[in-house]
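Protein chains get the first letters and strands the later ones, always in sequence-line order, with residue 1 at the start of each. Note that the coordinates shown come from a computational prediction; the quantities given were computed from them, not determined experimentally.
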Amino acid sequence: MDDLKKCRVRFAPSPTGYLHIGGARTALFNWLTARNNCGTFILRIEDTDKERFVDGSIEQIMESLKWLGINWDEGPDCGGEYGPYIQSQRLEIYKKHVFQLVEQGDAYYCFCSAERLDKMREEQKSKGESTQYDRHCRNLTQKQIDENLKNNIPYVIRMKTPGTGNISFNDIIREEVTIPFENVDDQVLLKSDGFPTYHLANVVDDHLMKITIVIRGEEWLMSAPKHLLLYKYFKWTPPLFAHLPLLLNADRSKLSKRQNDVSVSDYKLKGFLPDAVVNFIALLGWNPGNDKEIFKVEEIIKMFDLRKCGKSGSVFDIDKLKWMNGLYIRELKKNNIDGLANLIRNYLIDNKFIDKDYDFGKIKQIAELTGNGIDSINDVSSFTKLLFDDAVNFSGEDAKTISVSENALKIKKVLIDELDKISELDKSNVNAVFKNVQNISGIKGKELYHIIRILISGSAEGPDLAGLILFLGKKGILKRLA
RNA sequence: GGCGCAUUGGUCUAGCGGUCCAGGACGCCGCCCUCUCACGGCGGAAAUCACGGGUUCAAAUCCCGUAUGCGCUACCA
């Protein structure tokens, strides 16, 4: 327990595009661990792969994190004691460290060409061996090295790995993990372009930034021995490790773009609420040990415990997210109708259903009207025809038939007459108007309201009729009856 | 192929040797509420706890195998 107190944790994305929902969960679990242990949460950008760098993605990742409510204490934008927090700005630091390793004899120059490496792997594969660097350059003489350097032959720096024996380490989530060194490659630490690989930069930065717990995805589990080895070579105390299970597609493959929306911004765009997304992904691989499922963020922070995380991957069930999002929307409708109305307003404006001047009171009515029936903000689109079109579109044959029935024609006529008598339809007179329609037409109850609904909305289904009537107002209803 | 990790209803999960012929939630079905759809409430179907062996008086829970899935196996992270 005390191991986690005052921890320093970090989320270290690569700026290769948007923030992946799986990355968001890793960030969240780091953040939660920091927040419930009086710890510090650090954002570090791992842009050591120039090829995969995507312009603007640092900003996009930060924006997505902020949207989710995940804030950081140290990072590229706000600085901190251990900056810079962008790896491409720390190149000299990595170089210094890697050459220290070379001097110590824990790392070495490798001049092998890509072609040789490819060929080597092909041969290994054809022989059914595991593909690993054959340590061709591990024992070059100083003379050979100097020669190659003088001839400007490109090189990388590789770490030395033992090749035999086992390494065991403790993972907060997986407990003891044992990996044979036989499977740990002489990993490249410094690339020929002078950039570090993940392994070097990660270890150096985690140490320099005083990270105490590394919380990351399971895909890193097999490289943990390399990292532990580096800590040993540098004579540093390694942090604690926690390898999170992966998020999966419905077919249990790793969550991918092919089958799911995978970027946080997709979910924002689709009308999900950040609190709902956070609540949902927090429950993927973690739960408080009881039946509670709906939490305020503060509650999650209070209850969160890395040690209670599961070990197996979780399928990302969008249906459950939708349900949960619907719950949050209804909660918002109940407690903060203006908040809901604002979200709906933004959606309506973005999709050109209304312009910026549109009456906010009307939008609140829309929020009231639709708030119980939508699972995402974007679902209001299914009401826009009803709310903004003057014409009635009959949704089916039944509705059309009823709309021209004898009773419907009678109601229609009476209703038009009654509306003509008043200047505007509002809360004060709406009951009286419909009472009159009932008395004059002689039709009442279910039948009356059902027919009115069909006459003005074209459908047997829809939002609360009284609310709809008030929203459309006298003018709207008359246009629809015409 | 090698290595590692995992395995409770379709899905997310509770469970840490007896209280479990397995609890909650999503989804699905039915009933109630209601002018309708939804919301909400109530109820139901759905798991031989992957399989096979142990250990134990007793196992979903501990151990060992097998199967399956996933991950890693790059000068990508």
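Using Watson-Crick or G-U wobble geometry with both donor-acceptor distances under 3.5 Å, B:C62 finds its partner in B:G54. Searching all strands for a Watson-Crick or G-U wobble partner of B:C75 with both distances below 3.5 Å returns nothing. Using N1 to N3 plus N6-O4 or O6-N4 for Watson-Crick, or N1-O2 and O6-N3 for G-U wobble, each under 3.5 Å, B:G27 pairs with nothing. Nucleotide B:C21 is matched to nothing when pairs are restricted to Watson-Crick or G-U wobble geometry with both distances under 3.5 angstrom. Checking B:G69 for Watson-Crick or G-U wobble geometry (two distances, each under 3.5 Å) identifies B:C5 as its partner.
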What one-letter contact string describes nucleotides 32-41 of chain B from 5' to 3', where B marks a base within less than 4.0 Å of any protein heavy atom, S marks contact via sugar-phosphate atoms alone, and - marks no contact?
---BBBSSS-

Once each nucleotide of nucleotides 71-77 of chain B is scored for protein heavy atoms under 4.0 Å, what B/S/- sequence comes out, 5' to 3'?
BSSSBBB

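Taking the P atoms as reference points, B:U13 lies 15 Å from B:A50, given to the whole Å. For B:G17 and B:C12, the P atoms lie 25 Å apart once the distance is rounded to whole Å. With both ends at atom P, the span from B:C63 to B:G23 equals 26 Å, rounded to whole Å. The same atom, P, is picked in B:A60 and in B:U68; the two are 25 Å apart, to the nearest Å. The same atom, C1', is picked in B:A47 and in B:A22; the two are 8 Å apart, to the nearest Å.
Atom CZ of A:F181 is separated from atom P of B:G4 by 14 Å (rounded to the nearest Å).
With respect to the salt-bridge test (charged N to carboxylate O, under 4.0 angstrom), the residues A:R44 and A:E46 qualify. Ion pairing of A:D186 with A:R135 is present here, as a side-chain N (NZ or NE/NH1/NH2) and a carboxylate O approach within less than 4.0 Å. Ion pairing of A:D305 with A:R307 is present here, as a side-chain N (NZ or NE/NH1/NH2) and a carboxylate O approach within less than 4.0 Å. Using a 4.0 Å cut-off between a side-chain N of Lys or Arg and a carboxylate O of Asp or Glu, A:R330 and A:D375 qualify as a salt bridge. For A:K311 and A:E218, the salt-bridge test fails: no basic side-chain N is under 4.0 Å from an acidic carboxylate O.
Under 4.0 angstrom from either OP1 or OP2 of B:U13 there lies at least one side-chain N or O belonging to A:S314. One finds a side-chain N or O of A:N287 lying less than 4.0 angstrom from the OP1 or OP2 phosphate oxygen of B:A14.
Using a 4.0 Å heavy-atom distance criterion, A:G285 is classed as a sugar-phosphate-only contact.
By the side chain to side chain contact (heavy atoms under 4.5 Å, CB included) test, A:K254 is found to be paired with A:L246, residues two or more places apart in sequence or in another chain being considered.
Of the N and O atoms on the side chains of A:S64 and A:S265, not one donor lies less than 3.5 Å from an acceptor on the other residue.
Relative orientation of the A:W220 and A:Y198 rings is parallel, given thresholds of 30° and 60° on the angle between their planes.
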Where do A:F280 and A:F316 land on the ring pair (Phe, Tyr, Trp, His ring centres under 6.0 Å) test, with the steps shown first?
CA-CA 9 Å; A:F280 180 71; A:F316 191 90; 5.3 Å; yes

